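The structure under discussion appears below in the form of structure tokens.
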Amino acid sequence: MACKRGALIVLEGVDRAGKTTQCKKLFEALQRSGKPAEMMRFPDRTTTIGKLISAYLENKSDLEDHTVHLLFSANRWEMVPLMKKKLEQGTTLVVDRYAFSGVAFTSAKPGFCLDWCKSPDVGLPQPDLVMFLQLSPSEAALRGQFGEERYEKSDFQRAVQNKFQQLMKDRSVHWQVIDASQSVEDVHKDIMTHSLNAINCAQNQALAELWK
Ligand code: ADP
Ligand code: 2DT
């Protein structure tokens with residue numbers, strides 16, 4: 001009998017919402033409970049495309065806005081064969097940002113509509129669960145200053161948050177809003193509950209295609 005597939009679990013949210021902290025905790029908890037899991041993050045700055053993106057984010061290079069949007073998408077597509085292989089082998093993937101960040105960040109720039117921004121990512125593996133770590137700008141500010149990277153400005157982050165709210169109206173995606181203002185442990189408990197459900201459901205379902 002073919003082995004049961006792993007789940008594709010994505011964490012999204014604004015800067016300092018706790019995505020990286022929670023991806024790591026979820027990954028470690030799944031491993032401890034004997035469920036095969038791996039962590040991924042986008043952008044993946046290690047590939048040739050990822051290095052172009054990283055230089056752009058660090059303000060070491062400038063790229064035209066459409067161009068960088070397509071590079072972010074290409075950086076996901078280049079990982080799709082590996083992602084599918086892992087999922088089919090039964091490994092659950094815990095992913096720090098995905099196409100939703102891609103759309104929210106570019107569509108927060110002037111002159112970009114949601115539909116254009118979504119189009120290059122149409123057909124990517126559909127996440128079984130997307131958890132949005134919700135945190136107000138004032139609570140995020142208590143967690144430290146913005147860094148030096150290109151998008152780390154409060155006005156832009158507010159615009160990004162609004163775009164995420166628009167994306168969350170789409171019922172074809174399994175969104176789950178998580179109250180990220182709780183303690184690290186309480187956020188983890190919520191995330192674990194939703195993830196275990198998603199892993200159970202994914203076992204018996206074929207992997208679908210995003211926004212198709
Ligand atoms: P993100 O990946 O969303 O930008 P991080 O996981 O890097 O966020 O966390 C940003 C900062 O906030 C880190 O210093 C982290 O230790 C802290 N942090 C994360 N989760 C919480 C929480 N629930 N309560 C308080 N501080 C947190
Ligand atoms: P971190 O590496 O700190 O998460 O920051 N972004 C991300 C986009 O503009 N488009 C995308 O497709 C993705 C995945 C969000 C990465 C920065 O890049 C932005 C913050």
Side-chain angles (χ1 to χ4, degrees), residues 10-28 39-47 49-80 83 94-109 112 114 116-122 124-125 127 130-154 156-161 163-164 167 178-192 210-211:
V10 171
L11 270 75
E12 288 281 9
V14 290
D15 203 62
R16 292 164 297 171
K19 298 179 293 300
T20 304
T21 305
Q22 295 296 336
C23 278
K24 192 160 174 279
K25 283 187 76 72
L26 174 59
F27 162 70
E28 288 168 352
M39 257 193 311
M40 297 183 78
R41 67 177 306 136
F42 291 109
D44 178 336
R45 302 188 192 213
T46 65
T47 68
I49 294 169
K51 286 182 182 132
L52 291 173
I53 294 172
S54 189
Y56 170 82
L57 290 171
E58 291 169 21
N59 291 307
K60 290 180 179 158
S61 71
D62 281 323
L63 288 167
E64 192 275 330
D65 288 329
H66 299 78
T67 310
V68 76
H69 182 73
L70 296 173
L71 286 176
F72 273 112
S73 177
N75 184 235
R76 284 182 279 281
W77 279 108
E78 65 179 334
M79 292 299 163
V80 167
M83 291 171 75
V94 176
V95 185
D96 190 340
R97 296 193 190 274
Y98 198 51
F100 314 99
S101 276
V103 175
F105 277 75
T106 303
S107 65
K109 297 179 179 180
F112 285 89
L114 230 49
W116 187 87
C117 293
K118 283 161 86 171
S119 53
D121 285 319
V122 168
L124 279 177
V130 188
M131 286 175 281
F132 184 78
L133 273 56
Q134 184 92 264
L135 191 70
S136 69
S138 55
E139 284 166 313
L142 297 174
R143 296 187 182 173
Q145 299 299 309
F146 280 119
E148 296 290 304
E149 289 208 331
R150 190 177 283 266
Y151 295 141
E152 296 181 349
K153 312 250 176 355
S154 51
F156 190 68
Q157 293 277 332
R158 258 193 298 278
V160 170
Q161 168 96 20
K163 296 297 177 183
F164 273 123
L167 284 173
I178 304 288
D179 175 5
S181 69
Q182 305 174 88
S183 70
V184 170
E185 283 311 319
D186 285 347
V187 176
H188 171 64
K189 272 188 214 149
D190 283 358
I191 286 179
M192 197 62 186
L210 180 62
W211 293 325

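In each ligand, atom 1 is the first atom listed, and ligand 1 is the first ligand listed. The shown structure was predicted, so the numbers you read here are calculated from the model rather than taken from an experiment.
The closest protein non-hydrogen atom to atom 23 (N) of ligand 1 is Q182 O, 2.9 Å. At the top of the distance list for atom 8 (O) of ligand 1, counting protein heavy atoms only, stands G18 N, 3.1 Å. The protein heavy atom nearest to atom 5 (P) of ligand 1 is T21 OG1, 3.6 Å. For atom 2 (O) of ligand 1, the closest heavy atom belonging to the protein is T20 OG1, 2.8 Å.
Applying the ring pair (Phe, Tyr, Trp, His ring centres under 6.0 Å) test to F146 and every residue at least two apart in sequence or in another chain returns nothing.
Here the CG-CG distance, from L26 to L11, works out to 7.0 Å after rounding to the nearest 0.5 Å. For the atom pair CD (E58) and CD1 (I53), the distance works out to 12.0 Å, reported to the nearest 0.5 Å. In this structure, K24 NZ and E28 CD are separated by 4.5 Å, a value rounded to the nearest 0.5 Å. To the nearest 0.5 Å, atoms CZ (F164) and CD (Q134) are separated by 10.5 Å. Atoms CZ and CG, on F156 and D15 in that order, are 11.5 Å from each other to the nearest 0.5 Å. Summarising the geometry, atom CG belonging to D96 is positioned 4.0 Å from atom OG1 belonging to T20; distances are rounded to the nearest 0.5 Å.
Close approach to V184 involves these atoms of ligand 1, each under 4.0 Å from a residue heavy atom: 20 (N), 21 (C), 22 (C), 23 (N). Close contacts of ligand 1 with K19, meaning ligand atoms under 4.0 Å from a residue heavy atom, involve 1 (P), 2 (O), 3 (O), 4 (O), 6 (O), 8 (O). Of all atoms in ligand 1, listed by their number and element, those nearer than 4.0 Å to a heavy atom of S183 are 23 (N).
Counting protein heavy atoms under 4.0 angstrom from atom 27 (C) of ligand 1 gives one or more.
The neighbour count for E64 CD, taken as heavy atoms of other residues, nucleotides or ligands under 6.0 Å away, is above 12.
Nearest residue to atom 21 (C) of ligand 1 from E12, R16, R143, R41 is R143 (criterion: closest heavy atom).
When all heavy atoms are compared, the tightest approach of Q22 to V184 is NE2-O, 3.1 Å. Between L210 and A99 the shortest heavy-atom distance is CD2-CB, 3.8 Å.
Side chain of R150 to main chain of Y56: a donor-acceptor pair is present (N/O by atom type, distance under 3.5 Å, no hydrogens or angles). For R16 (side chain) and R143 (main-chain N/O), no donor-acceptor pair under 3.5 Å exists by modelled atom type.
Residue contacts with ligand 1 include A17, since one of its heavy atoms falls under 4.0 Å from the ligand. Heavy-atom separations between G144 and ligand 1 are all 4.0 Å or longer. Residue contact check for ligand 1: Q22 places no non-hydrogen atom closer than 4.0 Å to it.
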Ligand 2: which protein N/O atoms lie under 3.5 Å from its N/O atoms?
{"from": "ligand 2", "atom 1": "2 (O)", "to": "R45", "atom 2": "NH2", "distance (Å)": "3.0"}
{"from": "ligand 2", "atom 1": "4 (O)", "to": "R41", "atom 2": "NH2", "distance (Å)": "3.4"}
{"from": "ligand 2", "atom 1": "4 (O)", "to": "R97", "atom 2": "NE", "distance (Å)": "2.7"}
{"from": "ligand 2", "atom 1": "12 (O)", "to": "R76", "atom 2": "NH1", "distance (Å)": "2.8"}
{"from": "ligand 2", "atom 1": "12 (O)", "to": "R76", "atom 2": "NH2", "distance (Å)": "3.2"}
{"from": "ligand 2", "atom 1": "12 (O)", "to": "G102", "atom 2": "N", "distance (Å)": "3.4"}

